[in-house]
Student: 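Below you will find the structure I want to go over with you.
What you are looking at is a predicted structure, and each value in this text was computed from that prediction instead of being measured.
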Amino acid sequence: QVQLVESGGGLVQAGGSLRLSCAASGSIFSIDAMGWYHQTPGKQRELVASITSRGSTNYADSVKGRFTISRDNAKNTVYLQMNSLKPEDTAVYYCNAKVRPGSSPQLLYDYWGQGTQVTVSS
């Protein structure tokens, strides 16, 4: 089994910054892509940013130039640096990892973190 544990959410004023972290642990052979999604009440979960094992990144248009995703493969950890935060960034942020388990590396499973609340006040 694999667990994703997130940290770093909170309350911040508009224009401020937060850094989210997500550490994967358990029976892991390797992790392909990792990413961050956000969700607000009544809406579907949406991709914010993703990063491959080789470091290629992808961002939602709404966060380009403000957010930076990075990862530490040795620690199975992904980060999201969020700068110039806006009230519309307020959401629950979820970490996602596509994991090849230690017992069956030919398989690929999706795992999610428990979510961390980010609230940006105006």
Student: Heavy atoms only: give me the nearest Ala49-Leu80 pair and the separation to one decimal.
Tutor: CB-CD1, 4.2 Å

Student: So, for Val120 and Lys86, which heavy atoms are closest and what is the spacing to 0.1 Å?
Tutor: CB-O, 3.3 Å

Student: How would you list, by chain and number, every residue that makes a side-chain contact (heavy atoms from CB on, under 4.5 Å) with Ser53, sequence neighbours excluded?
Tutor: Arg71

Student: If I compare all heavy atoms of Ser27 with all of Val2, which pair ends up nearest, and what's the gap?
Tutor: O-CG2, 3.8 Å

Student: Looking only at heavy atoms, what is the nearest atom pair of Val63 and Val48, with distance?
Tutor: CG2-O, 3.6 Å

Student: For Thr52, does its backbone N or O pair with a side-chain atom of Asp32 as donor and acceptor, under 3.5 Å?
Tutor: no

Student: How about Tyr37 and Trp112: are their ring centroids closer than 6.0 Å?
Tutor: yes

Student: Please work out whether the ring planes of His38 and Tyr93 are parallel, tilted or perpendicular, with thresholds of 30° and 60°.
Tutor: perpendicular

Student: Identify which one of Leu20, Val92, Leu18 satisfies the side chain to side chain contact (heavy atoms under 4.5 Å, CB included) criterion when paired with Thr116.
Tutor: Leu20

Student: Met34 versus Ser50: any side-chain heavy-atom pair under 4.5 Å?
Tutor: no

Student: Start with the C-alpha distance between Glu6 and Tyr94, add both sets of side-chain angles, then the distance that settles side chain to side chain contact (heavy atoms under 4.5 Å, CB included), and finish with yes or no.
Tutor: CA-CA 8 Å; Glu6 301 156 351; Tyr94 294 92; 4.3 Å; yes

Student: Find out whether Phe29 and Pro101 are in side-chain contact, i.e. whether some heavy atom of one side chain is under 4.5 Å from a heavy atom of the other.
Tutor: no

Student: Report the distance from atom OG1 of Thr119 to atom CD of Gln13, rounding to the nearest 0.5 Å.
Tutor: 13.0 Å

Student: Go through the structure and list residues passing salt bridge (charged side-chain N to carboxylate O under 4.0 Å, His left out) with Arg19, not counting sequence neighbours.
Tutor: none

Student: Closest approach of Ser21 and Trp36, non-hydrogen atoms and distance?
Tutor: O-CH2, 3.6 Å

Student: Is Tyr59 reaching over with its side chain to a backbone N or O of Ile69, donor-acceptor style, under 3.5 angstrom?
Tutor: yes

Student: Looking just at side-chain N and O atoms, do Thr90 and Glu88 make a donor-acceptor pair shorter than 3.5 Å?
Tutor: no

Student: Please determine which of Asp110, Ile31, Leu107 meets the side chain to side chain contact (heavy atoms under 4.5 Å, CB included) test together with Val99.
Tutor: Ile31

Student: Start with the C-alpha gap between Val78 and Ser70, add the side-chain angles, then the distance that decides, and say whether side chain to side chain contact (heavy atoms under 4.5 Å, CB included) holds.
Tutor: CA-CA 6 Å; Val78 64; Ser70 60; over 6 Å; no

Student: Does Gln44, at its CD atom, have more than 12 non-hydrogen atoms belonging to other residues, nucleotides or ligands within less than 6.0 Å?
Tutor: no

Student: Side chains of Met82 and Val118: does their closest heavy-atom pair fall under 4.5 Å?
Tutor: yes

Student: Does the side chain of Phe67 come within less than 4.5 Å of Thr57's, by heavy atoms?
Tutor: no

Student: I need the Asn58 CG to Lys64 NZ distance, nearest 0.5 Å.
Tutor: 7.0 Å

Student: To the nearest 0.5 Å, what is the distance between CG (Asp89) and OG (Ser62)?
Tutor: 7.0 Å

Student: Take Ile28 and Asn76, measure what side chain to side chain contact (heavy atoms under 4.5 Å, CB included) needs, and give me the verdict at the end.
Tutor: CA-CA 9 Å; Ile28 298 171; Asn76 289 332; 3.8 Å; yes

Student: Does Ser84 use its side chain to pair, donor to acceptor, with the backbone of Arg66 at less than 3.5 Å?
Tutor: no

Student: Under a plain distance cut-off of 3.5 Å, with no hydrogens placed, do Asp72 and Thr77 share a side-chain donor-acceptor pair?
Tutor: no

Student: Spell out, yes or no, whether Ile51 and Tyr109 are grouped together once hydrophobic residues are joined by side-chain heavy atoms under 4.5 Å, including indirect joins.
Tutor: yes

